[in-house]
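Inspection log for the structure reproduced underneath, given as structure tokens.
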Amino acid sequence: MVILDHINMPGFAGHNPLSGPKEEQFGPRFPPMSDAYDKDLRKLALAVGQELGFAEKIREGVYCCLGGPNFETIAECRMLNSLGVDAVGMSTVPEVIVAGHCGLRVLGMSLVTNKAVMDYNSEATASQDEVLQAGKDSARFLEKLIALLVQRIEPNNNVS
Ligand SMILES: O=P(O)(O)O[C@@H]1C[C@H](O)[C@@H](CO)O1
Ligand SMILES: Nc1nc2[nH]cnc2c(=O)[nH]1
């Protein structure tokens with residue numbers, strides 16, 4: 001999934017990587033996040049995916065960062081789904097907030113490794129083994145995607 005936007009759930013509880021003493025040289029105290037994921041880089045990632053014949057596999061979506069380390073309850077998955085979340089994880093967002101704060105253009109991508117359990121009749125449960133296996137299964141695909149993407153990004157990409 002190419003990350004279109006995020007929800008920083010730990011941020012709602014006051015956990016934010018920008019909390020603490022303000023270092024003026026890195027960026028503003030109150031940075032905007034409405035442009036956290038660069039539009040041109042998102043378009044490029046989708047185009048490169050299409051070029052490689054992976055259009056069916058790649059979608060844009062909203063990533064929600066949760067504190068973890070447990071996987072979600074069914075009620076949590078249902079709540080997040082109703083909030084417009086497409087995928088959940090326990091990482092990525094703190095790095096994106098810090099990068100955006102320093103003025104870097106960000107492209108975020110997340111490999112969706114398992115289905116959220118949304119049904120009380122389901123016997124399925126999330127498992128770290130499944131997550132790691134899905135990562136291994138997609139390694140070649142990701143390697144191709146990232147290699148071509150990096151080639152297509154202009155060398156002066158971060159200069160505004
Ligand atoms: O990469 P994400 O945000 O999914 O991170 C979580 C944290 C663990 O590395 C792993 C758990 O399966 O995914
Ligand atoms: N929070 C969360 N992180 C994940 N990382 C990989 N799969 C999952 C999941 O189902 N939930």
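Counting starts at 1 for both ligands and their atoms, in listed order.
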Q: Verify the cluster assignment for I58 and V62: are they in a single hydrophobic cluster under the rule of side-chain heavy atoms below 4.5 Å apart?
A: no

Q: Verify the cluster assignment for V96 and V98: are they in a single hydrophobic cluster under the rule of side-chain heavy atoms below 4.5 Å apart?
A: yes

Q. M90 to ligand 1: N or O pair under 3.5 Å?
A. yes

Q: I would like to know whether C77 and F71 meet side chain to side chain contact (heavy atoms under 4.5 Å, CB included); could you show each step before the answer?
A: CA-CA 10 Å; C77 285; F71 292 113; over 6 Å; no

Atoms of ligand 1 less than 4.0 Å from [X] heavy atoms?
X: V131; value: 12 (O)
X: Y63; value: 2 (P), 3 (O)
X: F71; value: 12 (O)

Q) Is there a side chain to side chain contact (heavy atoms under 4.5 Å, CB included) between D38 and L107 once you walk through the steps? A) CA-CA 6 Å; D38 186 82; L107 172 65; over 6 Å; no

Q: Step by step, work out the salt bridge (charged side-chain N to carboxylate O under 4.0 Å, His left out) result for R152 and E51.
A: CA-CA 12 Å; R152 293 285 159 83; E51 185 179 330; 2.6 Å; yes

Q. Counting only non-hydrogen atoms of the protein, does one fall under 4.0 Å from atom 1 (O) of ligand 1?
A. yes

Q.
When you measure from atom 8 (C) of ligand 1 to the protein, is at least one non-hydrogen atom found at a distance under 4.0 Å?
A. no

Q.
More than 12 heavy atoms of other residues, nucleotides or ligands under 6.0 Å from CZ of F30: yes or no?
A. no

Q | Residue K22 excluded, over 12 heavy atoms near NZ under 6.0 Å | A | yes

(Q) Please list the nearest protein heavy atom to atom 12 (O) of ligand 1 with its residue and the distance rounded to 0.1 Å. (A) Q128 OE1, 2.5 Å

(Q) Just to confirm my output: which protein heavy-atom neighbour is closest to atom 4 (O) of ligand 1, and how far is it? (A) G89 CA, 3.6 Å

Q: In sequence, state the C-alpha distance, the side-chain angles, and the governing distance for Q133 and D137, and then conclude on side-chain hydrogen bond (donor to acceptor under 3.5 Å, both in side chains).
A: CA-CA 6 Å; Q133 189 57 51; D137 294 345; 3.0 Å; yes

Q. If you measure from CD1 on I97 to CG on N16, what distance do you get to the nearest 0.5 Å?
A. 5.0 Å

Q) Under a 4.0 Å heavy-atom cut-off, what residues line ligand 2? A) F71, E72, V88, G89, M90, T113, N114, V131

Q) So which heavy atom on F12 is nearest to which on I7, and how close? A) CZ-CG2, 4.0 Å

